[in-house]
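What follows is a set of notes on a single structure, which appears directly below.
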2 protein chains.
Amino acid sequence: MSEYFVGQIAEEVGINVETIRYYEKLKLLPKPKRRESRYRIYDETDLKRLSFIKRAKELGFTLKEIKELFGLKIDSDARCGDVKHLTEHKLKDVDNRISDLKKIRHVLVKLITQCVNEEVSSDECPILESIEI
Amino acid sequence: MSEYFVGQIAEEVGINVETIRYYEKLKLLPKPKRRESRYRIYDETDLKRLSFIKRAKELGFTLKEIKELFGLKIDSDARCGDVKHLTEHKLKDVDNRISDLKKIRHVLVKLITQCVNEEVSSDECPILESIEI
DNA sequence: CTTGACTCCGTACCATACTACGTGTATTAT
DNA sequence: ATAATACACGTAGTATGGTACGGAGTCAAG
């Protein structure tokens, strides 16, 4: 199992060293093992965790929400019913996001097709039709 | 066609009045018509636009990206090829977002199923398995 | 025709999520 | 062995996206 210093894992994931320390402070990352020199030691699990944080952020989750996602597991302390309830809530949220992204996707595809067919130009903004609330 | 003052449209969409002025400053909203009193007048198109901004933000688009999405249209100034290129780029991005959200979705569903079946508990964090970069 | 709610604008402040800086210690390449 | 990097830590600064404030003008119900 490979080990990393903070700079190496930062490089690997493509985020800043300072950001990793920041996530640790927010408890998005567990306290890492240390060398005697106090240097932090990371492993593959930390790498996965950081990659997840990075992408989830891009997908519109806040750091607080990401922390909640990490908490979704059936462990000795969490009752199954609680986890299930929370998870179902998250699932509904994710489904809504996917649904709305598909609406945006549909309009983008339509726009590309219009270009190909060299249809009439328009000063209207087609993206506005994508999401009706 | 119904018209709104800023407070009414803000109420309708569920955002702050100040935020609307802020979006106007950033040119996410066109300059609205005014009464002689200088009061801003909005219509249904503005309402759609604001709803879109609100949701797109929740889906992880920055205000800058949202502005770009609004710009995706075939008008008298934009050459079709340019728009097509840009739009294809956005489409790829949206597809990736949908794909990764589906991975997260899959893990959430699995977690709920585990609960139902009262399977073994674990101290592992299952969400970590959802996105492999 | 007044009173309360709404709007105007500029400016200042706020929360989230970083990012940089400085000082000191550790590691590593030559 | 020594110089260039890298890391530790605390603190301060930045960017984005709002949110609040205050004084003046506007609207509209009684």
Side-chain angles (χ1 to χ4, degrees), chain A residues 2-43 46-47 49-71 93 97 131, chain B residues 2-43 46-47 49-71 93 97 131:
Chain A
S2 38
E3 298 196 329
Y4 313 87
F5 285 152
V6 67
Q8 295 168 316
I9 201 171
E11 168 79 11
E12 202 76 23
V13 180
I15 64 179
N16 199 309
V17 166
E18 314 297 325
T19 305
I20 293 178
R21 292 209 308 121
Y22 175 66
Y23 288 164
E24 184 183 330
K25 207 167 70 185
L26 297 188
K27 304 191 179 186
L28 275 165
L29 287 177
K31 283 191 180 181
K33 286 187 300 185
R34 303 278 187 135
R35 282 273 178 82
E36 307 86 72
S37 60
R38 300 192 303 165
Y39 278 28
R40 291 168 174 81
I41 306 288
Y42 296 101
D43 62 19
D46 299 308
L47 200 146
R49 196 174 264 257
L50 282 169
S51 298
F52 180 85
I53 294 170
K54 194 185 178 199
R55 186 55 175 152
K57 234 164 25 70
E58 288 163 1
L59 295 173
F61 296 94
T62 64
L63 295 184
K64 198 174 156 223
E65 285 170 327
I66 293 168
K67 204 172 161 185
E68 281 168 23
L69 286 173
F70 284 140
D93 173 44
R97 286 175 200 242
I131 293 187
Chain B
S2 39
E3 297 195 329
Y4 312 86
F5 285 150
V6 66
Q8 296 169 314
I9 201 171
E11 168 79 11
E12 202 74 25
V13 180
I15 63 178
N16 199 308
V17 167
E18 313 297 326
T19 305
I20 293 178
R21 293 208 308 121
Y22 175 66
Y23 288 164
E24 184 182 330
K25 207 167 73 185
L26 297 188
K27 304 193 180 186
L28 275 165
L29 288 177
K31 282 189 181 182
K33 285 187 302 186
R34 303 276 188 137
R35 282 275 177 83
E36 308 85 74
S37 60
R38 300 193 301 166
Y39 278 27
R40 290 168 175 81
I41 306 289
Y42 295 101
D43 62 21
D46 298 308
L47 200 145
R49 197 175 262 258
L50 281 169
S51 299
F52 180 85
I53 294 171
K54 194 185 177 201
R55 187 54 176 152
K57 234 166 22 74
E58 289 163 359
L59 294 173
F61 295 95
T62 64
L63 295 184
K64 197 171 157 228
E65 285 171 328
I66 293 168
K67 204 171 162 185
E68 282 169 23
L69 285 173
F70 284 139
D93 173 42
R97 286 176 199 241
I131 293 185

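In what follows, chains are A, B, ... by sequence order, proteins preceding strands, each numbered from 1.
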Among C/dA17, C/dC21, D/dA8, which nucleotide sits nearest the side chain of A/Arg38?
D/dA8
Quick one: which of C/dT7, C/dA17, C/dA26 gets closest to the side chain of A/Thr62?
C/dA17
For A/Lys64, answer base if it contacts any base atom (sugar-phosphate contacts may also be present), sugar-phosphate if it contacts only those atoms, and nothing otherwise; contact means non-hydrogen atoms under 4.0 Å.
nothing
Rounded to the Å, how far apart are B/Arg40 CZ and D/dT26 P?
15 Å
Taking only N and O in the side chain of A/Tyr23, is any of them less than 4.0 Å away from OP1 or OP2 of C/dA17?
no
Integer-rounded Å distance: C/dA17 C1' and A/Lys27 NZ:
19 Å
Using the side-chain heavy atoms of B/Tyr39, tell me which of these nucleotides is nearest: D/dC27, D/dG17, C/dC18.
D/dC27
Starting from C1' on D/dC27, measure out to OH on B/Tyr4 and report it in whole angstrom.
20 Å
Gap between atoms OH and P, on A/Tyr22 and D/dC9 respectively (whole Å):
17 Å
Closest heavy-atom pair and its distance - B/Lys57, B/Leu63
CD-CD2, 3.6 Å
Would you kindly give the CD1-to-C1' distance between B/Ile41 and D/dC27, to the nearest whole Å?
12 Å
Strictly below 4.0 Å: does A/Ser37 bring a side-chain N or O up to OP1 or OP2 of C/dT27?
yes
Please state how far atom NZ in A/Lys54 lies from atom P in C/dA17, giving the value in whole angstrom units.
17 Å
Given atom NZ of A/Lys57 and atom C1' of D/dA15, what is their separation to the nearest angstrom?
13 Å
Nucleotide D/dA15, atom C1' - distance to CD of A/Glu18 in whole Å
17 Å
Can a side chain N or O of A/Arg34 be found less than 4.0 Å away from OP1 or OP2 on C/dT25?
no
N or O in side chain of A/Thr19 less than 4.0 angstrom from C/dT19 OP1/OP2
yes
Nearest-nucleotide 5' precedence on DNA chain D, B/Phe61 against B/Arg35:
B/Phe61
Which nucleotide wins on minimum distance to the side chain of A/Asn16, given the candidates D/dC27, C/dT11, C/dA20?
C/dA20
Determine all donor-acceptor pairs shorter than 3.5 Å in which one atom belongs to a side chain in residues 14-36 of chain A; sequence neighbours excluded.
from, atom 1, to, atom 2, distance (Å)
A/Asn16, OD1, A/Glu18, N, 2.9
A/Glu24, OE1, A/Arg40, NE, 2.7
A/Lys33, NZ, A/Glu3, OE2, 3.4
A/Arg34, NH1, A/Arg38, O, 2.7

Mark yes when over 12 heavy atoms from residues, nucleotides or ligands other than B/Gln8 sit less than 6.0 Å from its CD; otherwise mark no.
yes
Minimal heavy-atom distance between B/Glu12 and B/Leu47, with the atoms involved, is CG-CD1, 3.4 Å
Ring centre gap for A/Tyr42 and A/Phe5 strictly below 6.0 Å
no
Earlier contact from the 5' end, DNA chain C, for B/Gln8 and A/Arg21:
B/Gln8
